[in-house]
Amino acid sequence: QVQLVESGGGLVQAGDSLRLSCAASGRTFSSGAIGWFHQAPGKEREFVARIPWRVGGTIYADSVKGRFTISRDNAKNTVYLQMTSLKPDDTAVYYCAASQTLGVAGWQYSYWGQGTQVTVSS
């Protein structure tokens with residue numbers, strides 16, 4: 001089992017920045033990826049970004065390219081999502097998830113955190 005705990009959400013104004021953290025514990029993968037997804041009220045869960053757990057490149061949704069940066073600290077078993085130039089449309093619950101693949105689809109992720117709320121006011 002892999003346990004994932006997100007933190008760092010909050011209420012900010014448009015244009016502000018936030019950094020989300022995802023701390024992993026338990027059985028961690030030697031391969032695969034950690035992804036961030038978000039779900040706004042009344043909408044489907046959407047992919048935001050993912051990073052391989054060991055080596056490899058990052059992938060971002062078009063809506064966040066140039067504004068969000070995903071990174072990892074393997075020594076701390078933690079993945080971060082640095083969010084800048086936040087917009088009201090970024091308001092959602094943000095989840096991190098772990099996959100044994102390098103995919104970007106939610107169904108490819110077996111383990112999920114409880115989520116952290118990000119609210120961006122205009």
Under 3.5 Å donor-acceptor, Glu6 side chain and Gln114 backbone: yes

Atom pair OG (Ser122) and CG (Asp89), whose distance is rounded to the nearest 0.5 Å: 10.5 Å

Distance in Å, Ser25 OG paired with Leu4 CG, rounded so as to fall on 0.5 Å steps: 7.5 Å

Over all atoms of both residues, closest heavy-atom pair of Ala98 and Val2: CB-CG1, 4.4 Å

Non-hydrogen atoms of Gly9 and Leu20 that approach each other most closely: N-CD2, 3.6 Å

Partner residues of Thr58 under the side chain to side chain contact (heavy atoms under 4.5 Å, CB included) criterion, sequence neighbours left out: Ile51, Tyr60, Ile70

Leu81 side, atom CG; Trp36 side, atom CH2 - distance, nearest 0.5 Å: 6.0 Å

Leu18 to Gly10 - nearest heavy-atom pair and separation: CD1-N, 4.0 Å

Lys76 backbone acceptor or donor facing Asp73 side chain under 3.5 Å: yes

Residues Asp90 and Lys87 bridged, charged N to O under 4.0 Å: no

Members besides Trp112 in its Ile/Leu/Val/Met/Phe/Trp/Tyr cluster (side-chain heavy atoms under 4.5 Å): Phe37, Phe47, Ile59, Val93, Tyr95, Val104, Tyr109

Inter-residue atom distance Gln100.CD - Ser31.OG, 0.5 Å rounding: 7.0 Å

Fellow cluster residues of Tyr80, listed by chain then number, with links counted only when side-chain atoms sit under 4.5 Å apart: none

Separation of Ser17 OG from Leu86 CG (nearest 0.5 Å): 6.5 Å

Arg45 side-chain N/O to Gly106 backbone N/O, donor-acceptor pair under 3.5 Å: no

Main-chain N/O of Ser7 paired to Ser21 side chain as donor or acceptor, under 3.5 Å: no

Minimum heavy-atom distance Tyr94-Met83, with the two atoms named: CE2-SD, 4.0 Å

Nearest-0.5 Å distance, CZ of residue Arg19 to OG1 of residue Thr84: 13.5 Å

Arg50 (side chain) donor-acceptor with Ile34 (main chain) under 3.5 angstrom: no

Over all atoms of both residues, closest heavy-atom pair of Ala33 and Leu102: CB-CD2, 4.0 Å

Candidate pair His38 and Val118, rule side chain to side chain contact (heavy atoms under 4.5 Å, CB included), full reasoning: CA-CA 9 Å; His38 69 196; Val118 172; over 6 Å; no

